[in-house]
Amino acid sequence: MSLMNACILMLLLQPLFVYFALFAKEVDLNEDSQDSTVMLFNFGLLGITPSVAYCYMEQFWFAVGMLSGVTILGLTLAKTLESKGKRSLDLILTLRFLTSWLLIFGVIYWSISLFTGSPEVQPTIADADQQVEPFYQLFWPSFYYLGLMVFTFLLKVLEFRFQLKPALSGTFLILAAALIGISPLVDGSFILGLFINIAIFFIFCSMCIEINKINDPSGGAIAFFYAYILSMGVGVAIIIKIIRVIFFSTSV
């Protein structure tokens, strides 16, 4: 996997890390301790991303910088949602975990290097990068779709926090539901691109609906409307794809 793909993957995982940090059940690493300052593992995942740089030793410091930027985005999201979580964001504890992960992954990498020679490993990684490189070219509409959903979610958070009217995030969700099956038509892999977009929409739309439920328990009812628009968008995209394959292409 190339560094860019790794950054994208870790970026997609940041909302999950934020959920474990702020909303999930507390995981105390020292349950027998009577110390009120507990070492919660909940914040551990927020600091794990930069450690992935050990998979890219040929460009280690560049990888650390890129992955640290992803971590900053995750911490920004956590700070934005802090007031709605079960606990406050502990930046000091997160930084302690970040340092610990770097040391742990460093020891693991050093241990592995004792049994595998770097001349044999490096070409393999380089070859894998060359094979995965076209990933962005195949699924670039899904990256823009992800950007649309991230923007919509952040807009939803701002609307909730500052009680902004009118709520434009709902309009963007309807637009995203309609475009979910259209954008894969212009990339190189229709079926997989469609599944990627559905997964992206499901994750971010679910988080937006959960925000709606905070003030209005019936706020989740609109999910049926989004599902209807989504199914229509997918259906239209499939029809267009079939027409293109039958009349404008010689291969599926």
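None of the values given here were measured: they were computed from a predicted structure.
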- request: Could you tell me the separation between the CG atom of L13 and the CD1 atom of I203, rounded to the nearest 0.5 Å?
  value: 8.5 Å
Closest approach of [X] to [Y] (non-hydrogen atoms, all atoms of both residues):
X	Y	value
Y145	L179	CE1-C, 4.3 Å
Y56	L3	CE2-N, 3.6 Å
R87	F20	NH1-O, 3.8 Å
T152	S169	CG2-O, 3.6 Å

Quick one: do [X] and [Y] end up in the same hydrophobic cluster if we chain Ile, Leu, Val, Met, Phe, Trp and Tyr together by side-chain heavy atoms under 4.5 Å apart?
X	Y	answer
L22	I214	yes
I72	L11	no
F62	M10	yes

query: In chain order, what residues pass the ring pair (Phe, Tyr, Trp, His ring centres under 6.0 Å) check against F105, with sequence neighbours excluded?
result: none
Partners passing salt bridge (charged side-chain N to carboxylate O under 4.0 Å, His left out) against K86 (at least two apart in sequence or in another chain): none
message: Within the structure provided, determine whether E159 and I211 are in side-chain contact (heavy-atom separation under 4.5 Å).
response: no
message: Checking the side chain of W101 only, and the main-chain atoms of V52 only, is there a donor and an acceptor separated by less than 3.5 Å?
response: no
